[in-house]
Amino acid sequence: MLTAEEIMHKYLKFFEGKGHAIIESKPVIPENDPTVLFTTAGMHPLVPFLLGQPHPAGKRLANVQKCLRTDDIDEVGDASHHTFFLMLGNWSLGDYFKKEAIEMSWEFLTGKEWLGIPKDRIAVTCFAGDADAPRDDESARVWESLGVPKERIYFKGKKDNWWGPAGLTGPCGPDTEMFYYTGVKERDCDQDGCGPGCHCGLWVEVWNDVFMEYNKTKDGRFERLSQKNVDTGMGLERTAAVMQGAKSDYETELFLPVMEWIRSKSAKYDEKSARIIADHLRAAVFVLADDRGVVPSNVEHGYILRRLIRRAIRHARTCGISGSICGEIAEIYIRIYGDMWPELAKNREFVLRELWLEEKRFAETLERGMREFERIAAHCGGTISGKDAFLLYQSYGFPIEITEELARERGKGVDKHGFEEELARHQEISREGTKHKFASGLADFSEKTVRLHTATHLLQAALRKVLGESVQQKGSNITPERLRFDFTYGQKMTPEQIRQVEDLVNGWIRQGISVRRKEETIEEAREEGALAFFAHKYGEKVSVYEIPGASKEVCTGPHVSNTSEIGHFKIVKEEAVSAGVRRIKAVVEQG
Ligand code: SER
């Protein structure tokens, strides 16, 4: 029985033997590509080379890549779909093409010294052809030449047998997919249409060879690339399950210790929920371990991360787990994967802290939110209104996808369009109110952001006391969860300096100082020594917020009326943004 690690080593050894250079895995959060949020496939970091730029390691490459996709998120819970997964891949950059690629795949799958899968358990699919590209008879002929019987070769359209581009434009092409016959049906299906690609679980896709000879352009055309490439991807989790005869990926050593932990803590264990927890938290651990500044939030990467963590926590409740889950599960994953992926151990503390903070935030509102949801669901008829979905989002931190999922479980729908309108309307109100604020200023006026906003003024004052008057604000961004403050300073702050800043801020908070506001011209404000680093953004008259004895700043507010309302201030991160600019992330906790 092969372990995942052995499969990985075999794969890399096999392709090394065929003249491939083994390249490193890139981060899950792409380094230089704004078109997608996450690295969705091994080919993704290779796009420039698929388009023709020479790769320094040559024309034959292979690796194992950390990937994250959310398109299959609703499938997670079955035996073999994941958000985060590890993908074994090999590439030809204008070198070999269909014949050699397919022959190598076949040899690795069925060769005795490699995976040794019985040939009669394998079926394949090829592209059926359409207006953009012809039917792929060439691949089918190669499969036949290797002994795959005609009735095991299926032809399908773009939906099934075309891969890419990874973003909106870029390299793509027809593919041929390899399926393994599991012999086990997980779900009912239409008997007549059943075969490779059917969702019943009888056939599981293990490998995909993409023949990337097209480039999708901005206007939706498929033009020929200057070189014919091969891009293949084999999911490590699925392959491990196949090689171990496991009923699902979750029974392999890649998940098993986590699944056992979940079972041991569950008062009413539910397999599907347990799989969702295991999948989503593994994804969250790897995203955080990238340490690229992504933390749970309401936008972009941070929102996906938030959804993954919150959905896991919500499913933990379904299993009847009462305590917290994220920390212990993360520790298990760090143990399982830490040797292969040293960033997990290296960033352990950051990963654990961010998970802990997010779990704490959501746990605070989850029970009340669930009660509110039940109340809404009982009275809404068939559809939860946009307003109610927004209330659950705004006041109880329910990502819309969680509300939708809960509604589905009760046979109800959600007016998502109405929700989006509410969200946009709310953001519009916030934007109106913040028009004159800092470039990346306040996102809303909730009690939490207001508290953090006043804390930001105290933080700036404390930094100037501890690090010197040369400290200048470079940017500020506040979400209900945390403040982020960028400022000029040449070195990393010492733990002692961080503590001094926290102590100063908490001292002012404890003193219960009243916050004063007055209107004056920018010149008057400056004369009085108010900080106004963004003066060019203000009109004639400006508001000055003064916290006597601590801070005086030009700002449009809003602020708390007394510092005692802020809560306990804590710096959670201090890091470099660029040369000479540091970034602090801090939170306030109500005592
Ligand atoms: N890019 C293809 C896939 O993700 C092959 O790696 O399936």
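Quick caveat, the model's predicted, so the values are computed rather than measured. Numbering of ligands and ligand atoms starts at 1, following listing order.
- Residues meeting the salt bridge (Lys or Arg N to Asp or Glu O under 4.0 Å) test with Arg275, sequence neighbours left out: Glu186, Glu271.
- In terms of the salt bridge (Lys or Arg N to Asp or Glu O under 4.0 Å) criterion, Glu100 has no residue partners (sequence neighbours excluded).
- Between the side chains of Asn63 and Ser25, not a single donor N or O lies within less than 3.5 Å of an accepting N or O.
- No donor-acceptor contact under 3.5 angstrom links the side chains of Asn215 and Arg221, judged on distance only.
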Check: every ligand 1 N/O to protein N/O pair under 3.5 Å:
unit_1, atom_1, unit_2, atom_2, d
ligand 1, 1 (N), Asp231, OD2, 2.8
ligand 1, 4 (O), Arg69, NH2, 2.6
ligand 1, 4 (O), Trp163, NE1, 3.4
ligand 1, 6 (O), Asp231, OD1, 3.3
ligand 1, 6 (O), Thr232, O, 3.3
ligand 1, 6 (O), Gly233, N, 3.1
ligand 1, 7 (O), Trp163, NE1, 3.4
ligand 1, 7 (O), Asn208, ND2, 3.0

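- Arg314 pairs by the salt bridge (Lys or Arg N to Asp or Glu O under 4.0 Å) definition with Glu405, Glu409, not counting sequence neighbours.
- At a cut-off of 3.5 Å, with distance as the only test, a side-chain donor of Asn90 or Thr232 sits close to an acceptor on the other residue.
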